[in-house]
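First the structure, in the form of structure tokens, and then the observations on it.
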Amino acid sequence: MDINLKTNNYKYISIYEEIVERINTGILKPNEKLLSKRDMAINLNVSLNTIINAYNLLLDEGYIYSIEKKGYYVTNQPVYAYHPQIKETTKQESKNIKFDFTTRSVDNIVNPRFKKIYKSCIENDNYTEKTNFKGDIKLRKAIKKHLFENRGINVSLESIIISSGMEIFKEILSCISLDKIYLENPGYHKLASIAKNIDKKIEYIDLDLDGVKVPSKSGILYTTSFNQFPTGIKMSISRKKELLSWAINSNSIIIEDDFDAEFRINSMPTTALYSLNNSHVIFFSTFSTTIYPGLRISYAILPDDIMKKYENKYSSYSCSVPTLDQLVLCEFINSGEYVRHINKTKKRYLEKREKIINELKKIDNININTKKNYLSILVELPNLDKTELINNGILINSLSDYDYYNNHSDTFILGYTGIKLEDIEDGIKAINNILKNKNHINQCI
């Protein structure tokens with residue numbers, strides 16, 4: 001019997017697992033005799049004790065039975081295991097991608113100071129205890145200070161909850177009696193899956209030049225007001241006041257996602273909805289896009305009445321973010337390194353932005369939207385198909401990818417956060433070549 005002895009397992013475990021696999025998949029039939037312990041040991045070049053241990057495990061589990069002086073046999077049992085082909089579409093896709101113009105990735109650069117703080121916190125052994133269900137109080141103080149100094153937002157320390165992402169809204173939404181959630185369309189629709197899991201109804205709201213339109217009925221509105229994703233529309237102050245009037249008059253709630261606010265380019269921060277009215281607005285932000293996605297630290301600021309319900313329901317919970325990560329981020333913010341990191345990152349991103357715009361200008365008959373304060377550029381690439389792009393090693397999202405109704409759009413979202421500066425020229429050239437080939441084919445037809 002040919003058995004693969006895995007290097008990461010004890011030998012008798014590998015033998016046991018291989019035989020179990022063959023029994024479960026029907027390769028070894030009921031009442032089929034196995035090799036004797038001695039013959040199996042010789043066949044596999046292992047000790048007799050190794051085979052004895054493996055066979056004893058099989059006997060204990062009931063996979064085999066023994067007949068004295070005759071040997072070991074497979075028990076009579078149905079074939080159970082089915083091994084479907086494992087699809088690795090995403091991995092395969094990423095292997096073939098040469099130019100990633102999506103907004104889902106960031107520069108693969110971890111701040112050196114961040115690494116040093118990690119090592120320092122590990123050596124201090126002060127991360128072994130769990131933190132309060134709202135998160136470490138020192139980190140919440142650091143966030144409070146940062147928000148006031150950089151966004152002009154003044155918040156109560158007790159209103160802040162540390163979390164590991166938008167998943168925190170599964171708990172927050174359960175504290176709100178409103179059963180309908182309004183989402184921007186096109187927009188970032190992750191909240192839709194969370195809402196469905198807790199039986200909230202979903203309605204999609206269109207945009208105009210001032211931002212998301214005012215809902216007609218009460219509910220919970222999720223909006224990226226600073227820079228609407230993916231259109232880049234900056235919500236006007238008049239629309240903000242209209243939305244707040246709607247929220248107050250209908251006793252509704254607005255979830256304000258501070259998307260991209262840290263990376264504003266050449267502008268002051270706009271007035272946050274939360275600053276205008278903190279009794280009807282939940283403020284949400286994340287460090288995953290500003291430091292690196294794997295950090296998985298975000299925070300929400302809740303109105304007092306929602307926070308009271310949250311405390312009553314979840315005070316016995318533990319914070320979902322590891323204590324070590326919270327301590328490191330706290331020190332990173334308090335030391336001033338976080339602000340310096342943001343400024344350095346903005347400088348890199350601005351350099352990429354200018355490079356992309358300059359390269360795009362070399363392409364004929366395309367429209368470029370060069371709005372500021374948005375980590376991508378909107379470009380009209382007529383009749384270009386995403387499949388063609390992917391087949392040529394180019395990954396870009398189109399506006400229709402974020403449209404709930406999948407309405408066709410020639411507008412593509414060229415993100416520049418993840419692509420390397422030196423790859424931009426070749427990437428834009430590759431797009432241009434596809435356009436030229438397509439135009440040539442169309443002319444021939």
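Computed from a predicted structure; not experimentally measured.
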Residues forming a ring-ring contact (aromatic ring centres under 6.0 Å, His included) with F99, sequence neighbours excluded: none
Minimum-distance pair of heavy atoms, taken over all atoms of C319 and N132: CB-O, 3.4 Å
Minimum side-chain heavy-atom gap T411-N369 below 4.5 Å: no
Partner residues of K362 under the salt bridge (charged side-chain N to carboxylate O under 4.0 Å, His left out) criterion, sequence neighbours left out: E359
Those residues that, when tested against Y314, pass side-chain hydrogen bond (donor to acceptor under 3.5 Å, both in side chains) (two or more places apart): S174
Candidate pair F412 and L384, rule side chain to side chain contact (heavy atoms under 4.5 Å, CB included), full reasoning: CA-CA 9 Å; F412 285 78; L384 203 57; 4.2 Å; yes
side-chain hydrogen bond (donor to acceptor under 3.5 Å, both in side chains) partners for N392, two or more places apart: none
E149, CD atom: more than 12 neighbouring heavy atoms under 6.0 Å: yes
Interatomic spacing from CD1 in I301 to CG in N278 - rounded to 0.5 Å: 9.5 Å
Salt bridge present between D426 and K98 (N-O < 4.0 angstrom): no
Which residues share a side-chain hydrogen bond (donor to acceptor under 3.5 Å, both in side chains) with S275, sequence neighbours left out: none
Contacts of S218 that satisfy side-chain contact (heavy atoms from CB on, under 4.5 Å) - sequence neighbours left out: L178, S250, S252
side-chain contact (heavy atoms from CB on, under 4.5 Å) partners of N406, counting only residues at least two apart: none
Over 12 foreign heavy atoms within 6.0 Å of NZ, K386: yes
Salt bridge flag under 4.0 Å for residues E425 and K429: yes
I357 side chain near E354 side chain, heavy-atom distance below 4.5 Å: no
Residues forming a ring-ring contact (aromatic ring centres under 6.0 Å, His included) with Y127, sequence neighbours excluded: none
Test item: side-chain donor near acceptor, S225 and T223, under 3.5 Å: no
N/O donor-acceptor pairs under 3.5 Å from side chains in residues 161-171, not counting sequence neighbours:
{"from": "S163", "atom 1": "OG", "to": "G165", "atom 2": "O", "distance (Å)": "3.3"}
{"from": "S163", "atom 1": "OG", "to": "S298", "atom 2": "OG", "distance (Å)": "2.7"}
{"from": "S164", "atom 1": "OG", "to": "S320", "atom 2": "OG", "distance (Å)": "3.3"}
{"from": "E167", "atom 1": "OE1", "to": "R296", "atom 2": "NH2", "distance (Å)": "3.0"}
{"from": "E167", "atom 1": "OE2", "to": "K190", "atom 2": "NZ", "distance (Å)": "2.9"}
{"from": "E171", "atom 1": "OE1", "to": "Y310", "atom 2": "OH", "distance (Å)": "3.0"}

Aromatic F226 / basic R151 pairing, under 6.0 angstrom, 45° off normal: yes
Test log, rule side-chain hydrogen bond (donor to acceptor under 3.5 Å, both in side chains), inputs Y402 and T231: CA-CA 10 Å; Y402 298 96; T231 65; over 6 Å; no
For the student: nearest non-hydrogen atoms of G415 and I356, plus distance: O-CD1, 4.5 Å
Sequence neighbours excluded - ring-ring contact (aromatic ring centres under 6.0 Å, His included) pairs with any residue from residues 181-220: H189-Y204, Y204-Y404
Heavy-atom check, side chain of T323 versus side chain of D136, under 4.5 Å: no
For I137, side-chain contact (heavy atoms from CB on, under 4.5 Å) partners two or more places apart: R140, K141, L157
Pairing residues for H146 by the side-chain hydrogen bond (donor to acceptor under 3.5 Å, both in side chains) criterion, not counting sequence neighbours: N150, E262
